[in-house]
Amino acid sequence: MSSPKLFAPGPIDVSPETFAAMSHTMIGHRGKDFEELYASLQPGLKTLFATERPVFLSTSSAWGVMEGALRNLVRNKVLCLCCGAFSDKWFSVAKSMGYEADKIQVEWGEAIDPAAVKAKLEEGGFDTVTFIHSETSTGVLNDLAGVAKVVKSFPDTMLIVDTVSSLSTVPVDFDVLGIDVMLAGVQKALALPPGLAVFAVSEAAMQRAAGTPNRGYYFDFLEFAKNDEKNNTPSTPCIATLFGLQYILGEIDKEGLEQRFARHRETNAMVHAWGDRHGFECFAPEGLRSQALTCFTTPDSLDLPAFIKGLKEKHHFLINGGYGKIKGSTFRISNMGNETTATMQELIDAMDDVLGG
Ligand SMILES: *Cc1c(COP(=O)(O)O)cnc(C)c1O
């Protein structure tokens with residue numbers, strides 16, 4: 001194998017068992033086999049989302065649904081909660097679509113303050129809010145419950161939540177929190193190859209979408225709902241990846257969701273302990289850190305490119321050297337997906353070897 005094992009936060013390592021499951025005989029998407037496949041995914045996805053709502057399957061990366069959610073929901077003005085590369089970009093995407101948009105911008109590495117969201121929404125005029133739970137570029141895990149509570153207190157204000165790097169690593173309760181759209185791409189914590197996004201839409205958001213003109217076709221929520229009733233998707237989906245998802249959901253069911261959260265907590269703590277040992281500081285504030293990945297500030301004493309190169313060449317592991325404007329000044333290590341304490345220990349031993357050598 002020529003490519004190193006990925007410990008960068010997405011795409012992440014995909015297991016041979018997952019690839020084997022994907023190597024299923026191809027099936028047509030307008031037949032009974034597909035309906036069975038689609039239906040078989042729903043219980044596991046609903047458990048992951050903690051929802052009674054259907055979970056839709058979009059053959060696109062996460063951005064497709066992020067853009068699509070705006071297209072379905074925004075009427076007049078959107079508020080984007082910005083704290084890193086992905087959340088900041090959502091603001092520019094909203095503007096590029098021609099919407100009136102405003103933002104709350106905090107420094108990268110800081111979290112969104114629910115009180116600030118409340119103050120901003122009180123200015124009035126917003127009908128939609130975009131929010132990223134785990135800001136993968138900085139390792140910040142935002143206060144989802146706090147922000148959801150604030151947004152819910154403003155009637156007719158839709159909350160769109162990106163859980164791309166948090167889904168299945170920490171609880172995300174779609175129904176309980178009253179989230180309107182929640183989405184994730186499967187190449188992050190679900191450890192599948194890229195190309196599929198999963199998302200749920202509240203009843204209120206479906207109603208909003210129904211009254212929104214010019215929704216287009218590919219990301220039209222009403223098309224997804226209509227097809228879901230027949231256990232199907234609006235257009236031809238990435239069927240092989242869906243077989244992979246079926247396998248992963250089976251694995252999650254076997255492990256148990258609580259156990260999966262605990263495993264991520266434990267493997268993430270190993271990375272933090274490794275950082276402590278070397279004097280590397282977390283970029284995200286204590287108490288607001290992702291359990292799926294860790295973002296460290298690069299100290300002056302560390303030759304980051306040499307460290308990453310050494311790890312890759314000697315041990316065949318790839319970590320990430322920072323994203324966006326904090327490339328180089330930070331670096332990131334993923335523990336999401338199928339990683340265990342044993343596989344994280346292999347990475348840690350390898351990193352120690354390179355640092356010591
Ligand atoms: C990776 C990532 C995205 C972008 O996902 P794509 O699948 O590349 O569209 C969006 N949001 C977050 C939080 C991410 O980590």
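First listed ligand is number 1; within each ligand, the first listed atom is number 1.
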query: Of Y38, F34, F224, which is the lone residue that meets side chain to side chain contact (heavy atoms under 4.5 Å, CB included) with N232?
result: F34

For residues 78-89, please give each side-chain donor-acceptor pair under 3.5 Å, one per line with the distance, not counting sequence neighbours.
| from | atom 1 | to | atom 2 | distance (Å) |
| --- | --- | --- | --- | --- |
| S87 | OG | C83 | N | 2.8 |
| S87 | OG | G84 | N | 3.1 |
| S87 | OG | G84 | O | 3.4 |
| S87 | OG | E135 | OE1 | 2.7 |
| D88 | OD1 | C83 | N | 3.4 |
| D88 | OD1 | G84 | N | 3.3 |
| D88 | OD1 | Q105 | NE2 | 3.1 |
| D88 | OD2 | Q105 | NE2 | 3.3 |
| D88 | OD2 | W108 | NE1 | 2.8 |

task: Could you tell me whether the side chains of W90 and D162 share a donor-acceptor contact shorter than 3.5 Å?
output: no

message: With side chain to side chain contact (heavy atoms under 4.5 Å, CB included) as the test, pick out the partner of I160 among D180, V129, L73.
response: L73

task: Would you list the pairs meeting side chain to side chain donor-acceptor pair (under 3.5 Å) in which at least one residue belongs to residues 56-73, sequence neighbours left out?
output: S58-S60

statement: The answer, listing residues by chain and number that come under 4.0 Å of ligand 1 through any heavy atom, is S61, A62, W63, M66, F86, I132, S134, T136, D162, V164, Q187, K188

message: Using a 4.5 Å cut-off between side-chain heavy atoms of Ile, Leu, Val, Met, Phe, Trp and Tyr, which other residues end up in the same hydrophobic cluster as F19?
response: V14, M22

